[in-house]
Amino acid sequence: MHNIKDLRKNLETYKKKFKDRNIDFNSNNFNKIDKINRELIAKKEKLENEKKSLSKKKDKLNFDKSKDISNEIEKILESQKKTQKELNSIIEVLPNIPHQDVPVGKSEKENKLIKKVGTIKSFNFTTKSHVELGVKNNNIDFETATKLSGSRFVVLRDKFALLERALINFMLDIHVNQFKYTEISPPLIVNEDVMYGTGQLPKFREDQFEIKFENSTQKKFLIPTAEVVLTNLVRKSNIDIKDLPQRFVASTPCFRKEAGSYGKDTKGMIRQHQFYKVELVSIVDPKNCILELDRMLSCAEEILIKLEIPYQVVLLSSGDMGFSAEKTFDIEAWIPSEKKYREISSCSSCGTFQGRRMGAKYKSQNGNEFVGTLNGSGLAVGRLMISLLENNQNEDGSISIPNNLKKYMNNLDKI
RNA sequence: GGAGAGGUGGCCGAGUGGUUGAAGGCGCACGCUUGGAAAGCGUGUAAACGGGAAACUGUUUCGAGGGUUCGAAUCCCUCUCUCUCCGCCA
């Protein structure tokens with residue numbers, strides 16, 4: 001969410017920045033409605049002032065007049081509410097403004113490669129995809145999952161289920177012990193305003209799983225990422241600046257409808273309706289956002305380094321970034337079966353965009369300011385598993401366990 | 001699910017129709033005092049939105065929304081959340 005005063009003042013700059021994000025912002029329309037809205041407010045307040053002074057006199061002779069004013073106010077208020085609503089619906093779907101570091105571009109084609117890390121293994125046999133590696137003992141079982149839940153779900157069995165759990169614990173331990181994130185076990189179902197706070201609503205409602213509670217008028221949602229709950233931990237609060245930064249990590253299932261991605265990544269575990277993800281969130285003094293983003297990125301990278309999985313880091317262009325982000329790094333892990341890098345983490349600074357939506361502030365000398373927020377996967381468990389399985393496969397179809405992971409895998413060398 | 005109690009400022013807490021944005025306290029900030037600190041004393045201390053270059057100023061806000069009234073923190077309705085007791089239950 002943007003500061004409306006700032007938006008009003010720098011309308012054309014904003015318009016240009018939105019264009020970099022492929023958003024056509026109708027600034028004339030905004031201007032028009034904003035103006036009407038403010039006029040109505042001014043008119044209303046003038047009448048309210050009149051009414052107030054009449055009421056203070058407690059003079060019976062003025063009661064009728066006061067009543068008239070009340071009626072007039074009510075009329076104005078009604079149309080003011082309408083324009084306010086209209087104005088809000090324009091503003092709340094406007095994405096964040098790209099940071100100056102972000103390359104301008106229409107799509108992922110303009111993303112900037114930052115670095116490649118690790119060496120891609122050359123196999124002296126024909127490699128298998130994770131699906132082929134998993135179907136062997138039914139350890140990756142899509143058939144049963146389809147019976148239970150439909151497409152884009154999976155059942156993991158035996159050592160593969162263990163591997164998933166091992167990866168989660170491995171990552172959590174690193175982020176908690178080495179990088180001092182606070183571990184959180186959050187709810188997976190949240191209220192509508194929480195989804196609004198991080199920017200999933202109102203624009204991306206069709207991507208969310210909505211839940212209906214009996215006898216409740218309130219809408220609830222399954223979280224599409226732990227970013228939603230972790231970031232909103234500070235919603236509507238006023239934090240002392242000395243208590244910043246705050247860093248949270250959680251492993252949670254994530255639920256996504258994947259609407260609009262029919263036919264995309266249909267084979268395998270790349271794109272599921274439900275998957276585990278270890279998520280990192282930082283709440284910071286806004287001026288430290290970009291610095292914190294670098295730190296967060298290196299926390300996520302550490303996982304791949306320790307597991308010896310080759311990866312590359314990409315700085316997203318303005319056209320490829322998510323709604324709330326001002327700057328985003330993607331980490332992409334090497335997937336041998338596809339002979340390409342695939343996104344395994346996305347680390348974003350959101351500036352004060354979410355802080356403003358959530359009403360999360362901190363106390364500083366200049367008064368109360370909105371906090372900066374960052375989120376990043378550290379990492380997506382399903383995709384990490386895919387890349388680990390494929391990169392560490394042996395000719396016989398077994399998978400070697402990386403040294404650093406062994407203690408989480410009951411000291412197995414291979415599975 | 002049944003019965004009850006309650007949501008007031010950063011926090012605690014008074015307040016049942018009329019200068020109440022809201023007593024009192026805690027906390028915080030500044031000043032005085034002190035060799036220094038503590039205590040003490042004094043002063044100040046909400047946010048959002050509108051207008052203004054600024055000083056400043058207007059309006060709103062006592063869980064949320066609606067209603068009654070010339071006037072609502074205070075009365076009525078709906079919703080929501082928290083707490084206590086009972087029931088059920090992982």
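Protein chains get the first letters and strands the later ones, always in sequence-line order, with residue 1 at the start of each. Every value quoted in this text rests on a predicted model; they were computed, and no experiment measured them.
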Using the test salt bridge (Lys or Arg N to Asp or Glu O under 4.0 Å), find all partners of A:K109 that sit at least two apart in sequence or belong to another chain.
none
Out of [options], which has the shortest distance to the side chain of [X]?
X	options	result
A:K67	B:G67, B:U59, B:U69	B:U69
A:K5	B:U60, B:G50, B:A47	B:G50
A:E45	B:U60, B:A47, B:G58	B:G58

With a 4.0 Å cutoff (strictly under), does any side-chain N or O of A:R8 reach OP1 or OP2 of B:C49?
no
Mind checking if A:K81 touches a base, just sugar-phosphate, or nothing, with heavy atoms under 4.0 Å?
sugar-phosphate
Residues forming a side chain to side chain donor-acceptor pair (under 3.5 Å) with [X], sequence neighbours excluded:
X	answer
A:E279	A:K277
A:K112	none
A:R21	none

Nearest-angstrom distance, [atom1] atom, [N] to [M]:
N	M	atom1	result
B:C11	B:G27	C1'	7 Å
B:C12	B:U19	P	26 Å
B:G4	B:U78	P	14 Å
B:C28	B:A38	P	11 Å

Dot-bracket, RNA chain B: Watson-Crick or G-U, under 3.5 angstrom, [ ] crossing, | other strand?
((((((((.[[[..)..(.....]]]((((((.......))))))((((((....)))))).[[[[[..)....]]]]])))))))....
Do A:R256 and A:F209 form a cation-pi contact, if we require the NZ or CZ to be under 6.0 Å from the six-membered ring centre and within 45 degrees of the ring's axis?
no
Which residue pairs pass the side chain to side chain donor-acceptor pair (under 3.5 Å) test with at least one member in residues 69-78 of chain A, sequence neighbours excluded?
A:K51-A:S70
